[in-house]
Amino acid sequence: MMTEMLDCDAVMRQLWDYLDGELTPDREEAVRAHLVVCNRCHPQHDFEQSFLRALSASRREHSRPDAIKARVLATLRADGFAA
Amino acid sequence: MPWNQEPLKRLIRKVIGASPDPRTPDERFRDEALPHLPAVTRFALSLTRDESDAEDLVQETYLKAFRAWDQFVPGSECRAWLFTICRNTHFRTSRREQRVVAHEDAELEALGAAALHTAAQADGLDDVFARTEVMEAVRAAVDALPDPFREVVVLVDLEEQSYEDAARILEIPKGTVRSRLFRGRRLLQERLIKHARDAGLGAGKTPEIMRKGTSNDD
Ligand SMILES: [Zn+2]
């Protein structure tokens, strides 16, 4: 089967869908094939990927997870939770 | 002659009740809902931006989930179900209205991000999102996003929900998730690139940029 040919504009429009794993397998393959050979889109891909990594790393945990768990369990037990 | 539905009903019973769960409903709640506590807590924190408000929101979310446990469809995404309750509880409490501009074109946002990249490149900020100073600014930038954009960014980019699950949680079409997500990302990039420029991280300020032009242009 022939991989669909995409131009730079089409690839840039779908770059985030691609990075999010939201494209169909055929389309994903077509974008991947373009990125390998395109020195215009490839840096763009790396840039977006570093952005998404920084975003993902900004995830914040609560400072008192154990206290929250204890309080949730106490609240549930007071409401009849028995497990 | 009326259609005999009995064989179909038997089949459905057979499929659905194939292996009756030996656990009590409370035990299922313990096994399926409680493990998501850290994720629900993070989500609550991102909605409230305040630790003690988040703690209250988590309590309320789990109490509601426990009381509505018989409405949870076994086998569906429990985390997404809890996020839905958490979000609805939060927005009911704070009486926030979700107002979003009508114009939502996802692919224009994607192209906008490409233009931002070109501008960042010109400023020697190609690696802007790997800079420690910028990493530290990401959280504040997410917190500053308007709610409709912030919640999709948090669900998809921080909590790794699919567009589909985010759509279910937020009760909006999948296409709207996509366009808000892309807009949110572009707004974040704009803000962070501006932050980097204002902090003087651009071209000429860092020696590694000089290096880049000669040895690192793959
Ligand atoms: Zn290209």
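None of these values were measured; they are calculated from a predicted model. Worth knowing before you read on, the calculation uses all heavy atoms, side chains too, and leaves out hydrogens, waters and symmetry mates. The sequence lines fix the lettering, A, B, ..., with proteins before strands; numbering per chain opens at 1.
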Would you give the length of the straight line joining atom CG of B:L116 to atom CG of B:L188, rounded to the nearest 0.5 angstrom? 11.0 Å

Which bit of B:V153 comes within less than 4.5 Å of chain A, counting heavy atoms only: side chain, backbone, both or neither? side chain

Starting at CZ of B:F29, measure out to CZ of B:F66 and round the result to the nearest 0.5 Å. 7.0 Å

Rounded to the nearest 0.5 angstrom, the CG-CG distance for B:L63 and A:L76 is 6.5 Å

For B:A65 versus B:L82, what's the shortest heavy-atom pair and its separation? CB-CD2, 3.6 Å

Contacting region of A:L15 [heavy-atom separation from chain B under 4.5 Å]: neither

Where is the tightest heavy-atom contact between B:F149 and B:G184, given as atom of each residue plus distance? CB-CA, 3.9 Å

Search all heavy atoms of B:I169 against all heavy atoms of B:A80 and return the closest pair with its distance. CG1-O, 3.4 Å

Checking B:P35 now: which residues fulfil side-chain contact (heavy atoms from CB on, under 4.5 Å) with it, not counting sequence neighbours? none

For the interface with chain A, which of B:A54, B:P25, B:A113, B:P38 has the highest count of heavy-atom pairs at distances below 4.5 Å? B:A113

Under 4.5 Å from a heavy atom of chain A, the part of B:L158 involved: both

Between chain B and chain A, which donor-acceptor pairs sit under 3.5 Å apart?
| unit_1 | atom_1 | unit_2 | atom_2 | d |
| --- | --- | --- | --- | --- |
| A:D17 | OD1 | B:R178 | NE | 2.5 |
| A:D17 | OD2 | B:R178 | NE | 3.4 |
| A:D17 | OD2 | B:R178 | NH2 | 3.0 |
| A:D20 | OD1 | B:R185 | NH2 | 2.9 |
| A:D20 | OD2 | B:Y163 | OH | 2.4 |
| A:D20 | OD2 | B:R185 | NH1 | 3.2 |
| A:D20 | OD2 | B:R185 | NH2 | 3.1 |
| A:E22 | OE2 | B:Y163 | N | 2.9 |
| A:Q44 | OE1 | B:H117 | ND1 | 2.7 |
| A:E48 | OE1 | B:Q189 | NE2 | 2.6 |
| A:S58 | O | B:R139 | NE | 3.1 |
| A:S58 | O | B:R139 | NH2 | 3.4 |
| A:R59 | O | B:R139 | NH2 | 3.3 |
| A:R59 | NH1 | B:L158 | O | 3.1 |
| A:R60 | NH1 | B:D143 | OD2 | 3.4 |
| A:R60 | NH2 | B:D143 | OD1 | 2.8 |
| A:R60 | NH2 | B:D143 | OD2 | 3.3 |
| A:E61 | OE1 | B:R42 | NH1 | 3.4 |
| A:E61 | OE2 | B:R42 | NH1 | 3.0 |
| A:H62 | NE2 | B:E51 | O | 2.9 |
| A:S63 | N | B:E51 | OE2 | 2.9 |
| A:S63 | OG | B:E51 | OE1 | 2.5 |
| A:S63 | OG | B:E51 | OE2 | 3.4 |
| A:R64 | NH2 | B:E55 | OE1 | 2.9 |
| A:R71 | NH1 | B:E55 | OE2 | 3.2 |
| A:R71 | NH1 | B:D56 | OD1 | 3.2 |
| A:R71 | NH2 | B:D56 | OD1 | 3.2 |
| A:V72 | N | B:Q59 | OE1 | 3.4 |
| A:T75 | OG1 | B:Q59 | OE1 | 2.9 |
| A:D79 | OD1 | B:R67 | NE | 3.2 |
| A:D79 | OD1 | B:R67 | NH2 | 2.5 |
| A:D79 | OD2 | B:R67 | NE | 2.9 |
| A:A82 | N | B:D26 | OD2 | 2.7 |

Cut-off 4.5 Å, heavy atoms of chain A, and the answer for B:A141 is neither

Mind listing the closest non-hydrogen atom pair of B:A33 and B:C78 along with its distance? CA-SG, 3.8 Å

